[in-house]
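This report concerns only the one structure given below.
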Amino acid sequence: MKHFSRGLFVGAVIGALTIAAPLSQAATPQDQLVVGTSLAQVLSLDPHQATEGKAVEIMSNLYDRLVASTADGKILPQLAESWKIDDKGITFTLHKANFASGNPVTSKDVVYSLARLLKMDQAAAANLKRVGYDKDNVEKLVKAVDDQTVRIDLSDQVTAELLLYRLATTTTSVVDSVEVESHAVDNDYGNAWMRTHSAGSGPFTLNRWSPNELVILDANKDYMAGAPKMRRVIVRHVPESQVERLMLERGDIDIASALSASDLATFQDKQGFAIQRIPTGGFYVLSMNAGNKYLSNPKVREAIAYGIDYKGIEKTIMGPYGRVRNVPVPENFEYAIPNPDWQLDVEKSKQLLSEAGFKDGFSLSLKTIAQTPRIDLATAIQASLAQVGIKIDIQQGNGSEIIAAHRARDFDLLIPQTGAYMPNVLGSMEQFSSNPDNSKEANNAGNFVWRSAWDIPELTALTAKASMEPDAKKRGELYVQMQKMFVEQKPAVLPLFERFEPIVLSGKVQGYVGHPSQLTRLENVTKVETQ
């Protein structure tokens, strides 16, 4: 299995890390890390509810899971000090640890957390539901053997190896059951309280969250692995790229992670700064609602695939944020197939529209979060599709509006982004290739394909088969078949660009290593004095 390349991950540094003279205008406190970013998609900080990228990065520092994944795809112990795998499941032995409240972490908390995730049955539950765990069977499959031992039986739809990767995501975070239940109201599993508070055992606790303003994390001095080096982490909402650039240059923030390509370029080879370009294993996607009378036609979807100027957009807009890729598997992954021949071909696109019965074109709306680089991407797609006769009305919105529309199938076209929960074909592609029940009644808003009403029973079955194949070579052959079938079906979830997360760090910041799944941990980050 080919993992994320650590050379790409840590070594994709576009600007050399050199230390400059101290900035005279401002300086963040030496014991505090200040991050500038966009918090537009942070709608909740309940790990059993929230799945959006920046929320994941915050929650990964508030909570621990049984296991963790490293940047290059290795599974490591976290709350579990060890585990044993047999042909029916996995038995975990827990570390001695406490929640921030002082309550001990026990196997009952693990059982409670996984049951809470599945019983709340929100988008965060999708990764376990996809492989056979649900609110009805979770308490049969997940059991506390004793206070320090947890047993998780395998469903009939997943191998132990792949289950471990799923358990390394923030959605399976272990919460303080006593604390959470003390705040439960009307059987909400404490969700109203958990959205804006923390109840974890991680290296930080939540001091404050003001939506679209800032998040403040305080060090958990009693963390089981030792107190974090930073006393406090402040995440500031700075969606305007030029403002964020100036703040970093002045020293008002230590890390900038929502810069435009042009503002990023100003830091290349700039003394006192470094750029990390983190491969996420995910994509910027054009989601098409297959319930739409036009988009239900595969020829129309193929016409759109031929109607986009990928290379031009990559060059002028995406830059460090993405590279052209129309298969939902990064091109450097083992078993990744070559890209299809989708490229801007106006005549072919028009021909396909004519064959579909729409030679005069039609109009669609395109919804997007007003955030770099998606708003510029939407504008470029609008201009590109206009050439083939498809008129696009762009509708911008905040995170809550656009995400809600996506989950409700209330859109024609929409630009979301994805990630990967493990560094292989399945970890990246599964969300594009599995939709067990496409009916509206299923209301499976956590399923990425369901949101586009794209019914793919054969591809879903093939994905499930790959999930259960124990032989690596045979599994690789299935991975190739999955990708080919995906392309052949003219997807309603069209990958546009493989997604990277470029961030700029002040030269004072040491030990920050961005994680492909945005599970970046901050307890070992330090800051050095500059000369």
Side-chain angles (χ1 to χ4, degrees), residues 51 118 121-137 154-159 161-163 165-166 169 171 281-283 285-292 295-298 301-302 305 326-329 333 335-337 340 406-409 414 416 418-422 424-471 474-495:
T51 59
L118 289 161
D121 198 17
Q122 300 200 25
N127 208 22
L128 285 182
K129 286 176 62 180
R130 194 175 284 122
V131 291
Y133 294 88
D134 58 42
K135 60 185 179 182
D136 297 320
N137 66 19
L154 299 175
S155 71
D156 59 358
Q157 298 175 41
V158 71
T159 63
E161 177 192 6
L162 300 189
L163 179 60
Y165 277 106
R166 294 172 197 275
T169 65
T171 61
F283 296 84
V285 181
L286 183 62
S287 289
M288 312 179 206
N289 191 337
N292 176 283
L295 300 171
S296 62
N297 191 316
R301 299 198 298 265
E302 188 177 14
N326 303 127
V327 181
V329 177
F333 275 20
Y335 299 112
I337 68 171
H406 194 197
R407 292 176 177 175
R409 294 180 168 179
L414 190 144
T418 68
Y421 72 91
M422 62 179 174
N424 61 24
V425 169
L426 197 65
S428 181
M429 184 176 181
E430 183 182 61
Q431 59 200 305
F432 290 84
S433 61
S434 178
N435 183 14
D437 184 351
N438 192 53
S439 68
K440 190 172 183 180
E441 294 71 28
N443 194 27
N444 193 7
N447 184 288
F448 190 67
V449 178
W450 182 91
R451 297 177 192 179
S452 286
W454 187 37
D455 199 12
I456 46 171
E458 297 87 357
L459 186 52
T460 298
L462 188 59
T463 302
K465 184 177 180 180
S467 298
M468 286 300 295
E469 176 53 60
D471 183 88
K474 292 180 180 178
R475 191 164 60 238
E477 293 170 352
L478 292 172
Y479 287 165
V480 171
Q481 292 179 42
M482 287 167 57
Q483 294 168 82
K484 290 180 176 179
M485 185 180 292
F486 175 86
V487 172
E488 289 167 358
Q489 295 194 13
K490 318 306 177 191
V493 282
L494 175 65

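What you see is a predicted model; the values in this text were computed from it and never measured. Computed from heavy atoms alone, side chains included, the values below leave out hydrogens, waters and symmetry copies.
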Is the side chain of [X] donor-acceptor paired with the backbone N or O of [Y] at a distance under 3.5 Å, no angle test?
{"X": "R475", "Y": "A466", "value": "no"}
{"X": "T169", "Y": "Y165", "value": "no"}
{"X": "S155", "Y": "V131", "value": "yes"}
{"X": "N447", "Y": "S434", "value": "yes"}
{"X": "Q489", "Y": "P491", "value": "no"}
{"X": "T463", "Y": "S433", "value": "yes"}
{"X": "N289", "Y": "L295", "value": "no"}

Inset, instruction - Please determine which of D134, D437, D121 meets the salt bridge (Lys or Arg N to Asp or Glu O under 4.0 Å) test together with K129. - result: D121
How close do [X] and [Y] get, heavy atom to heavy atom, and via which atoms?
{"X": "F486", "Y": "N326", "result": "CE2-O, 4.0 Å"}
{"X": "S452", "Y": "V493", "result": "OG-CG1, 3.6 Å"}
{"X": "A420", "Y": "S428", "result": "CB-CA, 3.8 Å"}
{"X": "S296", "Y": "A290", "result": "CB-O, 3.1 Å"}
{"X": "F432", "Y": "P495", "result": "CE2-CG, 4.1 Å"}
{"X": "K440", "Y": "W450", "result": "O-CZ2, 3.8 Å"}

Legend entry - Student check: side-chain heavy atoms of Y479 and V329 closer than 4.5 Å: no
Inset, instruction - Indicate yes or no: at least one non-hydrogen side-chain atom of L426 is less than 4.5 angstrom from one of M482. - result: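 Yes; the side chains approach each other to less than 4.5 Å.
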Separation of [Y] [atom2] from [X] [atom1] (nearest 0.5 Å):
{"X": "N444", "Y": "R130", "atom1": "CG", "atom2": "CZ", "value": "8.0 Å"}
{"X": "T460", "Y": "K465", "atom1": "OG1", "atom2": "NZ", "value": "14.5 Å"}
{"X": "Q431", "Y": "Y421", "atom1": "CD", "atom2": "OH", "value": "9.0 Å"}
{"X": "R407", "Y": "N443", "atom1": "CZ", "atom2": "CG", "value": "11.5 Å"}
{"X": "L162", "Y": "M422", "atom1": "CG", "atom2": "CE", "value": "4.0 Å"}
{"X": "L494", "Y": "M288", "atom1": "CG", "atom2": "CE", "value": "4.5 Å"}

Inset, instruction - Determine, stepwise, if the pair F333 / M429 fulfils side chain to side chain contact (heavy atoms under 4.5 Å, CB included). - result: CA-CA 11 Å; F333 275 20; M429 184 176 181; over 6 Å; no
Inset, instruction - Could you please spell out the steps behind the side chain to side chain contact (heavy atoms under 4.5 Å, CB included) verdict for E430 and N127? - result: CA-CA 9 Å; E430 183 182 61; N127 208 22; 3.9 Å; yes
Inset, instruction - Give the intermediate values and the outcome of side chain to side chain contact (heavy atoms under 4.5 Å, CB included) for residues V158 and R166. - result: CA-CA 10 Å; V158 71; R166 294 172 197 275; 4.1 Å; yes
Inset, instruction - Go through the steps to decide whether F448 and H406 satisfy the test side chain to side chain contact (heavy atoms under 4.5 Å, CB included), and finish with yes or no. - result: CA-CA 9 Å; F448 190 67; H406 194 197; 3.7 Å; yes
